[in-house]
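Predicted model, so just to flag it, every value in this text is computed and none were measured. Just follow the structure's listing: the first ligand is 1, and inside any ligand the first atom is 1.
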Amino acid sequence: MSMNKVSWQSPSNIALVKYWGKKSGQIPANASISFTLDSCHTRTTVEWEQIEADGAPFHFEIFVDGEEAPDFRPKIETFFQRTAELLPFLPSVRMRIDTSNSFPHSSGIASSASGLSALSLCMGDIALQMGAVDEEGFERFCSILSRLGSGSASRSVYGGLVVWGQHKDIPGSNDSFAIPYPHHVEHVFSTYRDTVLLVEVGQKSVSSTKGHGLMNGHAFAEARFKQAEENMSEMIQHLQTGDLHHFGELVEAEALTLHAMMMTSRPGYMLFRPNTIEILEKVRTFRTEEKVPVHFTLDAGANVHLLYPASAEQKVHTFVEQELKQYCKDGRYIHDSVGGGPKRLTE
Ligand code: PMV
């Protein structure tokens, strides 16, 4: 029997209004919106063949950067357990999964978003070939699969601005899958850049699964979910008008709130590092003094994302080199841009 092959490249994304807290079945406690990135991506190839089902729910081998990676098995097994009903052919295929990231694993860049969306797109492609989904429903199907792997991954299935989670002001928004942001967006946002400052490269001190769990029974949970709902409505206004000052103020508030939620959990987690704080303060000073519209945001880690329009690129690049690089691990940072999206790499 010959091996079939599917291959996808899928980017990471950076949330502007954050998802933090979930209900069972990977249902978000609030709607979120993100920019899909471009250079920070995962490439995944699945070679597969049909086999006689032998009672096992799935058969796969996983290779990361060309090397067998047993450490990655548990996450992928969980993914296949959660998606078994959507992928009824799973017990009767054998797969070799090859994956590699364009950025360091567990760096705080959402490798789960790009990784799980790339795998979901591959599985969606196999489902397409097996007749389990049609072309029309393909992206939505892949977004559902991605969500079951890692919530934020549901948003990486589309390029541009993407919303996941039901919100009253966003028609078509849904808790089960992400959708492309449907409202008017001022042109400036399509030129946005994201520079990721790698303060820490290594294992995160709290997994996002654990982090979401900490919102159950959190003293401020209800207030946070209500605030996120309001922040989504406010974000719609700023995206519409291109008010970069208020857009950035909101993005920074969301990032700090995410970390405030972690710090005020029981137990509380502190994912900032001293260099994270140095960077945040420098960014604010630079913005005020140089009048450059650059704002920071954070994921659940120590690294800092700088968001700015293309018109500020030169000034921000110089600022990063001269004043921020020293706070990055081994001086490392990544310049990326928004507007990327997943790409099928096979014919
Ligand atoms: O997709 P998860 O379960 O790893 O959650 C990630 C959540 C944040 O990245 C912190 C915020 C977001 O909306 O992406």
- Item | salt bridge (Lys or Arg N to Asp or Glu O under 4.0 Å): pairs with one or both residues in residues 121-131, sequence neighbours excluded | D125-R344
Which of the numbered atoms in ligand 1 are under 4.0 angstrom from any heavy atom belonging to [X]?
X: D299; answer: 9 (O)
X: H212; answer: 2 (P), 3 (O), 5 (O)
X: A15; answer: 12 (C), 13 (O), 14 (O)
X: S152; answer: 1 (O), 2 (P), 6 (C), 14 (O)

Polar proximity ligand 1 side, [X] side, N/O cut 3.5 Å exclusive:
X: K18; value: no
X: Y19; value: yes
X: S150; value: yes

Does the separation of the ring centres of [X] and [Y] fall below 6.0 angstrom?
X: F177; Y: W164; answer: no
X: F189; Y: H187; answer: no
X: F296; Y: H305; answer: no
X: H335; Y: Y333; answer: yes

- Region of R155 that comes within reach of ligand 1 [heavy atoms, distance under 4.0 Å]: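 It is the side chain that touches ligand 1; the backbone stays farther off.
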- Short version for S112: what comes under 4.0 Å of ligand 1, heavy atoms counted, is side chain
- Message: Distance to the ring centre below 6.0 angstrom and angle to the axis at most 45 degrees; does that hold for R96 and F63?
- Response: yes
- I would like to know whether E254 and R224 meet salt bridge (Lys or Arg N to Asp or Glu O under 4.0 Å); could you show each step before the answer? CA-CA 10 Å; E254 273 288 316; R224 162 60 194 157; 2.8 Å; yes
